[in-house]
Amino acid sequence: MSSLNQALRAALDHRQDLLAELHQQGTDCYRLFHGSQEGAGGLTIDRYGPQLLVQSFHQTLEREALLELHATVEQALDLPSLLVYNDRSRGNSRIDREDTVYRAEDAALQDLVGHEWGLNYRVRGRHAGQDPLLFLDLRNTRGWVKQHSAGKSVLNLFAYTCGVGLSAAAGGAREVCNLDFAEGNLAVGRENGALNPALPEMQFVQSDYFPAIRQLAGLPITQRRGHKLPSYPRLEQRQYDLVLLDPPAWAKSAFGTVDLLRDYQSLLKPALLATAEDGVLICCNNLAKVAMDDWRDQVLRCAEKAGRPVRDCQVLTPGLDFPSNDQQPPLKTLILQL
């Protein structure tokens with residue numbers, strides 16, 4: 001047995017109780033192997049409903065190793081699965097090779113459905129972007145939102161495919177607004193909504209973060225001298241009961257720069273102002289190089305300076321399928337009671 005397969009078997013053994021619990025919760029989307037912490041850096045194995053998504057970020061998996069790990073997972077879960085392998089070590093997951101193991105069967109690349117907390121989510125093995133349509137390490141946060149949204153207005157910033165918004169709608173929110181710059185992301189969010197027809201309709205706003213959040217917060221939208229700003233949707237100043245701020249590590253536009261390492265404050269301040277009195281702001285930081293204690297201190301200082309001091313701060317960690325040997329997982333989530 002290869003060392004990789006031994007590591008995978010150990011990871012699956014450690015997850016037995018967790019997987020039983022997740023299945024009872026109506027969840028069949030989870031991480032089966034977190035290579036950086038379980039013996040194979042740069043390799044991840046995720047289940048998304050009927051699909052098994054294998055991704056390598058450092059080096060290509062050989063055919064026999066890929067087939068072996070697929071068989072090991074099917075045996076452990078006692079379920080067949082549709083294999084999709086995305087070799088991201090080459091900078092492009094949409095590889096095209098003769099061997100069907102690498103190309104994936106047609107059935108594996110169809111639009112599929114996965115489940116989390118009893119909700120339906122669109123699953124695609126390959127699409128226009130590199131990342132999966134549902135980030136699994138945010139599952140506990142979506143579960144928290146589902147449990148704490150009843151009767152609330154919810155603003156989902158950097159919404160991606162709107163999983164947090166869907167969770168809020170399922171939790172009984174009276175209003176859900178998903179905001180993202182990419183129409184393609186929001187289109188998947190609309191699909192997710194359609195896959196759950198019993199839920200109330202959500203709102204979708206395609207906009208750059210900075211003009212949208214500054215309008216909501218009642219702050220001016222500035223421009224550099226001699227540079228005309230692109231058009232953007234006009235929004236009324238208002239506050240929401242629950243706000244989720246989950247920005248990417250870095251992005252730049254004509255309106256500003258998202259930089260989690262050097263300038264989280266420029267993202268956080270207007271989000272604080274757009275959160276209602278006695279409301280909740282959930283903020284995330286996915287940079288591994290940022291320590292939780294340092295970032296939390298920064299967040300609390302920024303809230304104090306913005307005149308929105310935090311009454312209570314709770315740390316929410318990813319699920320046990322994302323182990324962290326040093327107890328410092330890359331994704332850090334704070335639930336701020338304002």
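Only a predicted model underlies this, so the values are computations on that prediction, with no experimental measurement involved. Positions are given from 1 along the sequence.
Side-chain N or O atoms of Glu304 include none that pairs as donor or acceptor with a backbone N or O of Leu300 at under 3.5 Å. In this structure a side-chain-to-backbone donor-acceptor pair under 3.5 Å is missing from Glu175 to Tyr240. Judged purely by atom type and a 3.5 angstrom limit, Asn86 has no side-chain atom pairing as donor or acceptor with the backbone of Gln55. A donor-acceptor pair is defined here as one N or O able to donate and one able to accept, closer than 3.5 Å; such a pair exists between the side chain of Thr27 and the backbone of Trp117. Between the side chain of Lys332 and the backbone N or O of Leu287, at least one donor-acceptor pair lies under 3.5 Å. With hydrogens and angles disregarded, no donor-acceptor distance shorter than 3.5 Å links the side chain of Asn196 to the backbone of Leu199. Between the Arg308 side chain and the Leu272 main chain, a donor and an acceptor come within less than 3.5 Å of each other. No donor-acceptor distance shorter than 3.5 angstrom exists from the side chain of Lys152 to the backbone of Val280, with no hydrogens or angles considered. Between the side chain of Asp241 and the backbone N or O of Ser153 there is at least one donor-acceptor pair closer than 3.5 Å. A donor-acceptor distance shorter than 3.5 angstrom exists from the side chain of His70 to the backbone of Ser81, with no hydrogens or angles considered.
Within 6.0 Å of CZ in Phe181 there are 12 or fewer heavy atoms belonging to other residues, nucleotides or ligands. Residue Glu201 places its CD atom among 12 or fewer non-hydrogen atoms of other residues, nucleotides or ligands, all under 6.0 Å distant. Within 6.0 Å of CG in Asp78 there are 12 or fewer heavy atoms belonging to other residues, nucleotides or ligands. Within a 6.0 Å radius of CG in Asp13, other residues, nucleotides and ligands contribute more than 12 heavy atoms. Annotation for His14: atom NE2 does not count as buried by contact number, only 12 or fewer foreign heavy atoms lying within 6.0 Å. In this structure, Asp312 places its CG atom where more than 12 heavy-atom neighbours from other residues, nucleotides or ligands lie under 6.0 Å away. With a 6.0 Å radius and a threshold of 12 heavy atoms from other residues, nucleotides or ligands, Arg311 has its CZ atom above the threshold. For CD of Glu105, the number of neighbouring non-hydrogen atoms (other residues, nucleotides, ligands) closer than 6.0 Å is 12 at most.
With contacts defined as side-chain heavy-atom distances shorter than 4.5 Å, the pair Phe158/Leu245 qualifies. The closest side-chain heavy-atom distance from Val164 to Asp246 is not below 4.5 Å. The closest side-chain heavy-atom distance from Asp321 to Arg139 is below 4.5 Å. Considering only heavy atoms from C-beta on, Pro270 stays 4.5 Å or farther from Phe210 through its side chain. A heavy-atom distance below 4.5 Å is found between the side chains of Leu77 and Leu32. Contact annotation: the side chain of Asn285 never approaches that of Leu334 to less than 4.5 Å [non-hydrogen atoms, C-beta and beyond]. Using a 4.5 Å heavy-atom cutoff, the side chains of Leu331 and Phe322 are not in contact. Val73 is not listed as a side-chain neighbour of Arg47, based on a closest heavy-atom distance of 4.5 Å or more.
Interatomic distance, CG of Leu166 versus CG of Asn120, reported as 8.5 Å (0.5 Å rounding). Here SG of Cys284 is found 6.5 Å from CH2 of Trp295. Values are rounded to the nearest 0.5 Å. A distance of 6.0 Å separates CG of Asp297 from CZ of Arg301, quoted to the nearest 0.5 Å. One finds the OG1 atom of Thr72 at 8.5 Å from the CD1 atom of Ile45 (value rounded to the nearest 0.5 Å). Asp17 CG to Leu320 CG: the interatomic distance, rounded to the nearest 0.5 Å, is 10.0 Å. If you take OG on Ser167 and CG on Asn156, they are separated by 9.0 Å, rounding to the nearest 0.5 Å.
With respect to the salt-bridge test (charged N to carboxylate O, under 4.0 angstrom), the residues Arg214 and Asp208 do not qualify. Residues Glu38 and Arg31 are not paired through a salt bridge, judged by the lack of any N-O separation under 4.0 Å between the basic side chain and the carboxylate.
Of all the heavy atoms in Arg103 and Leu109, the pair that sits closest is O-CD1, 3.6 Å. The two atoms that bring Gln59 and Ser89 nearest to each other are N-CB, 3.7 Å, heavy atoms only. Nearest heavy-atom pair, Pro318 versus Asp137, reported as atom, atom and distance to 0.1 Å: CB-O, 3.7 Å. Minimum interatomic distance between Ser207 and Ala212 (heavy atoms only, all atoms of both residues): OG-CB, 3.5 Å. The two residues Leu53 and Pro132 make their nearest non-hydrogen contact at CD2-CG, 3.7 Å. When all heavy atoms of Asn286 and Pro247 are compared, the closest pair comes out as ND2-O, 3.7 Å.
No continuous path of ILVMFWY side-chain contacts below 4.5 Å connects Ile282 to Val310, so the two sit in separate hydrophobic clusters. No single ILVMFWY cluster, assembled from side-chain heavy atoms under 4.5 Å apart, contains both Leu179 and Val176. A continuous path of ILVMFWY side-chain contacts below 4.5 Å connects Leu8 to Leu79, so both sit in one hydrophobic cluster. Side-chain heavy atoms closer than 4.5 Å link hydrophobic residues (I, L, V, M, F, W, Y) into clusters, and following such links, even through other members, never connects Leu19 to Leu136. No single ILVMFWY cluster, assembled from side-chain heavy atoms under 4.5 Å apart, contains both Leu195 and Leu134.
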Worksheet item: side-chain contact (heavy atoms from CB on, under 4.5 Å) between Asp180 and Gln206: does it pass, once the steps are laid out?
Response: CA-CA 5 Å; Asp180 197 272; Gln206 182 187 4; over 6 Å; no
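Checking each of Asn185, Asn192, Thr161 against Leu133 for a side-chain contact (heavy atoms from CB on, under 4.5 Å) leaves exactly one that passes, namely Thr161.
By the 30° and 60° cut-offs, the orientation of the rings of Tyr160 relative to Phe135 is parallel. Ring geometry, Tyr85 versus Tyr102: the interplanar angle falls from 30° to 60°, so the pair is classed tilted.
A cation-pi arrangement is absent between Arg15 and Tyr30, since the terminal nitrogen or guanidinium carbon is not both under 6.0 Å from the aromatic centre and inside a 45° cone about the axis.
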